[in-house]
Every structure is written in structure tokens, then in C-alpha cells.
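Structure first, commentary second.
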Amino acid sequence: AVAIVAAAHVFAAVNEEPRTSGSRIPDPGSRTAWATALLAAAPLFWVSGLRPMSDLPGVAVALAAQAFLLSGRTHRHQLTWGACLAGLAAGIRVQTALLTLPLLAFLLVRRAGPSGPAGIAWRPIAAFAVAVMLWAIPLVVDSGGVDGYLRALGSQAGEDFAWVNMLWLEPTPRRLAFALYETFVLPWGSPLLAASVMAAAAGGGFVRLVRGRPALMLLTVAFAPYAAFHLLFQETITVRYALPLLPPVAWLAVGGTAALGRLMPAAAGALVAGALLVAAPVGAAYGREPHPAFRAIGDASRALASARPGAVFAHHSVWRALRAADDTLPPVPEPPRLYEWLGPVDYWKNGGTAPIWFFADPRRTDLALIDPQARIDLTHYRWAVADRPELSGSRPLGADWYRVPAPGWYAEEGWSLTPETGGLANASAAGPDHRPITAWVRRRPGPLHLVVGGRHLGEAGDPPAEFELAVDGVVRDRWRLTFEARNFLRFLDLPDGIAQGDGRYARLTITSHAAGTDGRRAPVGVRQFDVQSADRMLYGFGEGWHEDEYEPATGLRWRWTSERSVVRVKGASGDVGLTMRGESPLRYVDVPPTVRVTAAGRVIAQFKPDRDFEWDVRVPFADVARADGAIAIETDRVYLPGPAEGTADARHLGLRVYDFRAYPSSP
């Protein structure tokens, strides 16, 4: 409500900006009201008004500061109040300084004039400084002093620049196009609505450029600095960061409809109605049920009556909900950001044997470093508005509650089993080419088998990599990987299991070093790994599959096939089921391809996908045995991204597969 009232005052002040000749820009009496209504109905503004976050309160105080500053053009004391509010707004969200300080400086310089009194600015500047000190001093004290505050600030800035996909770090036309789309289209929740609003805003900008440049100048000073900062340095997929840019867009859009004369109310009303048709249902869906994290916490609290975990862990985004919830769960220590799976790892390494609970962000993939057979007892909690563009970048968009018994194995740092953990291994130089990577395998007497796969990450001319796999210090396997081969996939039998020894878990390590003595490195990553009893089927992605890919902002994960991609199965004792879910190939090729699943040259199934697909295929055991466990997915059409997109990408892309599973299938 404060933001709406403040915005109305800002719009009125800008609309009444006098020309240098003394005349006023023609302004229909309803222009300010329609601009305010469009802002209030904007889907991002509407949803932000329902969320208990600092974004809209910060914008509200910043808009109030702007309203006072603009009023200060004729009432000098209003500049002081505006500067004071600007200082307070920065304490809510520091980025709001870009909405207020440039406008304050512009108005002070213009009011003073080339020969005006230099002391005219001291009261607003002093008011701003006092307002900042009101929150800055307690903040620094609460942070443990200046050193503590600077450490926290440096840590946050380091995370932003290390893990955020920003235009400053990727200054390409493609990244700019995405940033503009995420900033000016997604906040409106509908491509059609966004196109209508942006077309009207473009028209309004042109009209103001021709007939109202002073007003356009004020708008530019008030909002352009934030727009530049947002596009360059912020994660634009986090759409709520674009909230401060809705007021100028709404003002310009209504200005565009004003060019229609008497039709302006109908045109502006259509924009407002369209915005409400998008925003109101989203708001209703948002308020209909608690966030998934709190639903998971509530169910877990009620489950304590029948089961109590040995420990509780969470991804950082869900841990914040755990910290805020009023529940009876055991205390959950703050997890290390990006390394949350190490909490359970430390629990098991220190002798913990009772089942644990883990509250996971579904977009995160680090739990792949824990035995998949230990992660099958879980409950998914999804958000009705998770796919809404106005909420893009929210953390978390859902929650998964895992009940994890003592696993058959778990891994420490350095493994690249997902793109996320591979990025961490690369960033921290923790891969097997730097130091041994360690997994812990539960000791058991029966026969075991394992699968391990990886990739040479170097360039042409780099030396081969020599690998060693050891269990309890005893080398069990050695192999060599060249850059030309690029990938490896190996199955290893442990017929005697793992003997009893020191601790419940045996230490399995993989090391790699460059062949030769010229000092060059051979960078590698271990991409696939699993250990199971010999009577349980294992599988791995063999030749023809491209690298696993991942979009952190959405949690979307996929892997491309090529013309022929092989899945290798080990330990099957019956038919093998395959489940594949993927994207329509027609987004990349002109006609549906013919896709075949084959084993030992025999066609098991055939498809012609012309839309997003999900297939279930059963491969008879006789064919699996005859093919020595090699099941192929073949397609007669591929997409060549290099020639199509003008890049150096030489891959042959067949199907974009979001989910693939191989499993024993009863005949």
C-alpha cells in the first residue's frame, strides 16, 4: 500500500515536470491513476506484495524517498526528508541507493545552479548519513565488528561472482538477450501481456522523447542507474530483482496509451485488466497452501511420534525454513553452503548408524554422492506456483524429505557425479588429478560389483591419464585414458566383498596422474560411480552419450544422445526396463526422427517422436545377454549446433533426455 501511494506521487510529480519555456506537458487527469493501477496489478508487484521478503518494502521506502525528493524541487525541506528516507531504504535493501542517490545528486546540483550556494546540500547529506548510521552501526555491531562485517560482505560477494550467471561475467549478445527477457518479460507472467505492455512503453518513451524530455530525464535519473546495475551485476533469472523497474515501465506504458487520445482509458484499462487476469489467480494459488518446505517440516514433526532420526540435515535454502519454523524437530546446524551433503558424511564417518532425515532443495544434485539405494524413501513436496515466471529464481521452489538409512556407500569432495559437484571439484581443485578422491563403502562379506566412468577434460596434445582404484589401500584396478578416447566406463567385480577391518566402512580411493615426465597435467573428472551387491543390477552411460548438463536457476538437468548412444548393463538376471523422458526433437530438426532401441543388432522398439515424450521399453533378457549388456538408442536425425549457431560446438545432438533409468523388469 505504501508503494502504491508513493508511486502515485512519483508519477504525478514526473507528469507535472515543467518545460523550460514554462509550459506544462499535456497530461490527461487520469494518466497518473492508470499508471498507478497498472503498477499495482503487475503480476510481479502483486505477488511481491504477498511475500514476506524485503524486496517490496525496500522499493516502497525508495519510492517514498523519490516522491519527497521530487517535491523538493519547490519545497527545499522536502529534499531533507527524501534524503532521510533514502538512507533508511538502503538499510532494507542496499540496492535501493541506486534509485535515490542519483536523483538526490541531480536535484541538488540543479537546485544550486552554477552560481547557487554550495551549502544548500548539507542538510540532505547529513540527513542521509544519520539515517544510514541508524541501521549501519547496529548491523556492524551484530556482525562482530568491522572485520566481521567485511568478512560476511566478502563471502557474499565471492559467492555472487563465483556462482551467478551475470552479464558482467558473460558479456555476450546471448546473455544480454536473456537478461532483457528475464527483466522485462518474466515480471508480467504472460508473453502476450508483456509484449503489450512493452509495446505501449516503447510508444510512451517515443512520445516523451519528442514532447516531454524533462520528464523523461527525471525518469532516467531515477531508474536507469538501477537498471544498469541489475542487468550487469545481478542474477536476472531471480525475477524479483526486477521489481524496482516496474514503475517506469508502467508509467511509460500508460504514456503510450495516452497517444490514443480518447481511447486511452480503454487501452490502459485493457492493460490493467490483462495484468489482473494473470496476477490474481497466481496470488490465490500462492496463498492456498503453505510453502512446500513448511509442509515437509510439519509432516516430519508429526512423524516424530513413531520414528526419531539420528540426525537432521538440510540444504541451506530449506534450512532457513527449518530455522524459522516453530516445530519439535531436533536442532539442525547451519549447513555449509554448496557442501551440504558433507553433513551426513561427517555423521557416518563419526560412527552414526541410525537413519537420518534430509530436507532437500529439489534443484540441488549433491545428494548423488550418496548411495542411490539409500535415497528411495522420500516424499516430494511441490509448489502450485513453482513454474510461474514471476517467481523464477525463488529458493527453494519445492522440498524433498528423505529418510536415509546407513548407506551402502557415500563420497566426499572431488567427485563429479553431477554438473554441480563437478563444478565444485573444479573450482576447489579437488579432483583425482589433484589428490585422491574418497568414497566410503560399507563392509560386507558377499560379492560386490561397481561401475566407474569419467572423462579426460584436457585439450588436444595433453598427456594420457593413468588411473588407480584402491580399497583399503590395496589397488584393485588400473587403467589409462587418452584425450582422443575422452571417456571411459568400467565395471569391476569384488567377488569376496570387503573384509572386516578398521571401521564400518572401507576407504575407496581413485587417483589419477599424467603419463610421461614433461610436467604437463591431465585434467580428468569421475562422472559415474556406484557400488552394489553383485545380485543388484548396475548400468552406466557408454559411448555416444554427451556430457550431463544442468541449469542451476531452474534445476533442469539433461543429457544428449548422438546418432548411437549405448547404455551398458551389468548384473541383469532378467528383462531390463528402460524409462526415457525427453524434449520434442522438432525443436531442433524439421521432421520427426526415427528412434530405435536395439540390442545385439535386434530392434526392440521404434518411435517417431513429434512432441515431448516419455517411453517405457522392456528389453528381453536373452537380447541383453546376447549384446553383453550393451543396449543402444539410435536416431536417424541429429542437430549440428556448430553450423546452426555459428559456434565451435562440434557435437552431433540426437535426443535431449531429461530423465533416463534402467532397472530390472519382471517378465
Side-chain angles (χ1 to χ4, degrees), residues 416-419 422 432 449-460 462 464-467 469 477-493 510 512 522-530 537-549 557-572 576 578-580 582 585 593-607 615 617 619 623-642 649-663:
S416 303
L417 303 189
T418 69
H449 60 173
L450 65 84
V451 59
V452 60
R455 183 174 176 87
H456 197 300
L457 303 177
E459 300 176 352
D462 282 347
E466 303 279 1
F467 284 88
L469 185 152
D477 197 12
R478 290 188 176 94
W479 65 95
R480 182 185 180 96
L481 177 65
T482 65
F483 172 79
E484 290 71 26
R486 295 308 298 266
N487 298 304
F488 72 87
L489 181 68
R490 299 177 69 83
F491 293 91
L492 176 64
D493 289 320
I510 296 178
S512 171
V524 297
V526 175
R527 304 294 212 219
Q528 302 181 68
F529 181 76
D530 196 5
M537 192 187 85
L538 295 177
Y539 72 94
F541 296 97
E543 56 271 27
W545 289 90
H546 293 293
E547 288 284 88
D548 200 3
E549 299 181 65
R557 187 176 171 187
W558 68 92
R559 187 189 292 268
W560 284 96
T561 70
S562 60
E563 294 93 338
R564 186 175 188 272
S565 301
V566 176
V567 176
R568 296 198 172 271
V569 173
K570 180 77 164 25
V576 174
L578 305 178
T579 294
M580 291 177 283
T594 299
V595 181
R596 297 182 177 90
V597 177
T598 67
R602 191 172 89 84
V603 177
I604 309 299
Q606 181 171 303
F607 311 93
W615 302 327
V617 179
V619 184
D623 294 307
V624 176
R626 191 163 48 250
D628 197 22
I631 303 171
I633 301 167
E634 303 172 354
T635 179
D636 63 354
R637 292 185 180 274
V638 294
Y639 174 67
L640 305 177
D649 191 341
R651 294 178 300 168
H652 290 197
L653 304 180
L655 300 174
R656 190 185 193 194
V657 179
Y658 295 130
D659 183 39
F660 182 95
R661 291 180 292 115
Y663 50 90

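Quick caveat, the model's predicted, so the values are computed rather than measured.
In plain terms, the two heavy atoms of A522 and P464 that are nearest each other are CB-O, 3.8 Å. In plain terms, the two heavy atoms of V619 and A599 that are nearest each other are CG1-CB, 4.2 Å. In terms of heavy-atom proximity, G525 sits nearest to S416 at CA-OG, 4.3 Å. Annotation for V566 and W545: closest pair O-NE1, 3.0 Å, computed over non-hydrogen atoms. Across all non-hydrogen atoms, the minimal contact from A600 to D623 is CB-O, 4.5 Å. Taking all atoms of both residues into account, the shortest heavy-atom contact from P585 to P593 is CB-CD, 3.7 Å.
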Steps toward side chain to side chain contact (heavy atoms under 4.5 Å, CB included) verdict (F467, V452)
CA-CA 11 Å; F467 284 88; V452 60; over 6 Å; no

Assess whether side chain to side chain contact (heavy atoms under 4.5 Å, CB included) is satisfied between Y539 and V451, documenting all intermediate values.
CA-CA 7 Å; Y539 72 94; V451 59; over 6 Å; no

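Residues V603 and E634 fail the side-chain proximity criterion, which asks for heavy atoms closer than 4.5 Å. Considering only heavy atoms from C-beta on, H456 stays 4.5 Å or farther from T482 through its side chain. The shortest distance between side-chain heavy atoms of V595 and W615 falls below 4.5 Å. With a 4.5 Å cut-off on side-chain heavy atoms, P523 and D462 count as touching.
A salt bridge (charged side-chain N to carboxylate O under 4.0 Å, His left out) with K570 is found for one member of D530, D628, D493 and no other, namely D493.
Note that CZ of R564 and OG1 of T635 are 13.5 Å apart. Values are rounded to the nearest 0.5 Å. A distance of 8.0 Å separates CG in L655 from CE in M580, rounded to the nearest 0.5 Å. Separation of atoms CZ (R490) and CG (L469) is listed at 9.5 Å; rounding is to 0.5 Å. Here the straight-line distance linking atom CG of L457 with atom CZ of R486 works out to 7.5 Å at 0.5 Å rounding. Note that OG of S565 is 6.5 Å distant from NE2 of H546, once rounded to the nearest 0.5 Å. Residue M537 holds its CE atom at 9.5 Å from OH of Y663, rounded to the nearest 0.5 Å.
Legend: residues meeting side chain to side chain contact (heavy atoms under 4.5 Å, CB included) with N487, ordered by chain and number and at least two apart, are R455, E547. For the side-chain hydrogen bond (donor to acceptor under 3.5 Å, both in side chains) test, residues two or more places apart in sequence or in another chain that qualify with H652 are E563. Residues meeting the side-chain hydrogen bond (donor to acceptor under 3.5 Å, both in side chains) test with R637, sequence neighbours left out: none.
Figure legend: cation-pi geometry between R568 and F491 absent, as NZ or CZ is not positioned both under 6.0 Å from the six-membered ring centre and within 45° of its axis.
Counted within 6.0 Å of CG on D649, heavy atoms from surrounding residues, nucleotides or ligands total more than 12; the atom is thus considered enclosed.
Below 30°, between 30° and 60°, or above 60°: for F488 and W479 the angle between ring planes is between 30° and 60°, a tilted geometry.
Ion pairing between R527 and D548 fails under the 4.0 Å rule for side-chain N and carboxylate O.
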